[in-house]
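Here's the structure, in structure tokens; my notes come after.
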Amino acid sequence: MSRLCDELMDYFNGHLSEQEKMEFEEHLNTCSECREELEELQELTGELPFASDPITPPDDMKARVLGEVFQHEQDGRGDSSVIEEHSENVLPISKKKEHAFGEVKRNKKSSWFVRGLVAALIVSLAGNVWALMNEEKQVVQQEPEEISDSTDEVLRKVTLQGETTTASASAAMVRQSEGEVLSLQADQLEPLDGEEVYQVWLINGETPYRAGTFKANESGEGAVTYNMEQLPEDTEWDMVAVSKEPDASSETPQGEVILSAGL
């Protein structure tokens, strides 16, 4: 027997590389045994009621099924005893095979080959059933995601104006379930140059705190929302203001304050 004969099952299942596949197909041209066994495989699997992708079942399932099949061989029981014990299940399929394809030719390797094929088919089908049951179980166990319900409350709202600009803005302090935020929307803002930005400030006494940075679009509109948890707690804010800054790194107002309002 050629070494390539042992690669029949791998060729049938598509587990060979392109080079190995070409070598085995050349071997088929000269090996009548492999051609006959390949035809048997194609005939046996061609009548399966449905096709499915191979799924690897748990190792304990393989061990139980294969152990049962090869235990018959160790006990000295031939194929006939296995078929007689399960004749109710096997006989109708066997008759159907004979009617569809005629009697399948057997060679000297058919005894172990058929037992291995039957075991492989049982393991494959059992693995598919196990996978489907497990998938259905996972679908049932999935719980719908909780939708968070947040009720916002406006604590304070003011309108910002400036003496040297036609721009205006509205600012609101809003309490949310996650904490308080400052929301500001501005209109008719002047275009910015280079790295310039508009910076929002919350002022306590004479101390300003950064409270959001934004740029305006082509229509002069800008907006920002700032999480006030980043600011000192329990602070009484006296004023909110907007300044034009040379860049976004200013820790205190460096440019002109264009809009402001008392709180």
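Numbering starts at 1 and runs along the sequence shown. All figures in this text were calculated on a predicted structure; none of them were measured in a lab.
Taken together through direct or relayed side-chain contacts under 4.5 Å among Ile, Leu, Val, Met, Phe, Trp and Tyr, Met239 and Val200 form parts of separate hydrophobic clusters. Using a 4.5 Å cut-off between side-chain heavy atoms of Ile, Leu, Val, Met, Phe, Trp and Tyr, with links allowed through other members, Val174 and Val158 fall into different hydrophobic clusters. Taken together through direct or relayed side-chain contacts under 4.5 Å among Ile, Leu, Val, Met, Phe, Trp and Tyr, Val197 and Val224 form parts of separate hydrophobic clusters. Val242 and Trp237 fall within the same hydrophobic cluster, defined by Ile, Leu, Val, Met, Phe, Trp and Tyr side-chain heavy atoms under 4.5 Å apart, directly or through other members. Side-chain heavy atoms closer than 4.5 Å link hydrophobic residues (I, L, V, M, F, W, Y) into clusters, and following such links, possibly through other members, connects Leu182 to Leu263.
Of the inter-residue distances, the one linking Arg210 atom CZ with Ser249 atom OG reads 7.5 Å to the nearest 0.5 angstrom. Within the model, atoms CD of Glu20 and CD of Glu18 stand 10.0 Å from one another, a figure rounded to the nearest 0.5 Å. Atom CG of Asp187 and atom OG of Ser219 lie 9.5 Å apart (nearest 0.5 Å). Between Lys215 atom NZ and Leu189 atom CG the span is 13.5 Å, to the nearest 0.5 Å. One finds the CD atom of Glu7 at 13.0 Å from the NE2 atom of His15 (value rounded to the nearest 0.5 Å). The distance from atom CG of Leu38 to atom SG of Cys31, rounded to the nearest 0.5 Å, is 10.5 Å.
Under the side-chain hydrogen bond (donor to acceptor under 3.5 Å, both in side chains) test applied with Tyr11, the options Glu25, Lys21, Glu23, His27 reduce to a single match, Glu25.
Residues Tyr209 and Pro232 are in side-chain contact: their nearest non-hydrogen atoms beyond the backbone lie under 4.5 Å apart. At least one side-chain heavy atom of Leu202 sits under 4.5 Å from a side-chain heavy atom of Met228. By the 4.5 Å heavy-atom criterion applied to side chains, Phe12 and Gln42 are counted as neighbours. For the pair Leu160 and Leu184, the minimum side-chain heavy-atom distance is below 4.5 Å. Ile258 places a side-chain heavy atom less than 4.5 Å from the side chain of Tyr198. Proximity of Leu8 to Phe24: side-chain heavy atoms (C-beta onward) are separated by under 4.5 Å at one or more points. Considering only heavy atoms from C-beta on, Glu26 stays 4.5 Å or farther from Leu4 through its side chain.
Salt bridge status for Glu190 with Lys244: present, with a side-chain N to carboxylate O gap under 4.0 Å.
Within a 6.0 Å sphere centred on CD of Gln185, other residues, nucleotides and ligands contribute 12 heavy atoms or fewer. Heavy atoms of other residues, nucleotides or ligands lying less than 6.0 angstrom from CD of Glu163 number 12 at most.
Minimum interatomic distance between Phe214 and Ala223 (heavy atoms only, all atoms of both residues): CB-O, 3.5 Å. Between Thr166 and Gln188, the closest heavy-atom pair is O-OE1, 3.1 Å. Minimum heavy-atom separation, Thr159 to Ala261: O-CB, 3.4 Å. Nearest heavy atoms, Ser183 versus Thr225: OG-OG1, 4.1 Å.
Remark: Glu153 engages Arg175 in a side chain to side chain donor-acceptor pair (under 3.5 Å) (not counting sequence neighbours).
Residues Thr164 and Glu256 bring a donor and an acceptor atom of their side chains to less than 3.5 Å of each other. Defined by atom type and a distance below 3.5 Å, a donor-acceptor pair is present between the side-chain atoms of Gln254 and Thr252. Using a 3.5 Å distance cut-off with no hydrogens or angles, the side chains of Ser243 and Gln199 do not pair a donor with an acceptor.
The main-chain N or O of Glu195 is never found under 3.5 Å from a side-chain atom of Asp247 such that the two would form a donor-acceptor pair. Checking side-chain atoms of Glu245 against main-chain N and O of Gly255 turns up a donor-acceptor pair under 3.5 Å. Listed for the Asn217 side chain is a donor-acceptor partner under 3.5 Å among the backbone atoms of Gly220. In this structure a side-chain-to-backbone donor-acceptor pair under 3.5 Å is missing from Ser250 to Pro253.
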Residue pair Val181, Met173: steps toward the side chain to side chain contact (heavy atoms under 4.5 Å, CB included) verdict | CA-CA 6 Å; Val181 299; Met173 292 183 179; over 6 Å; no

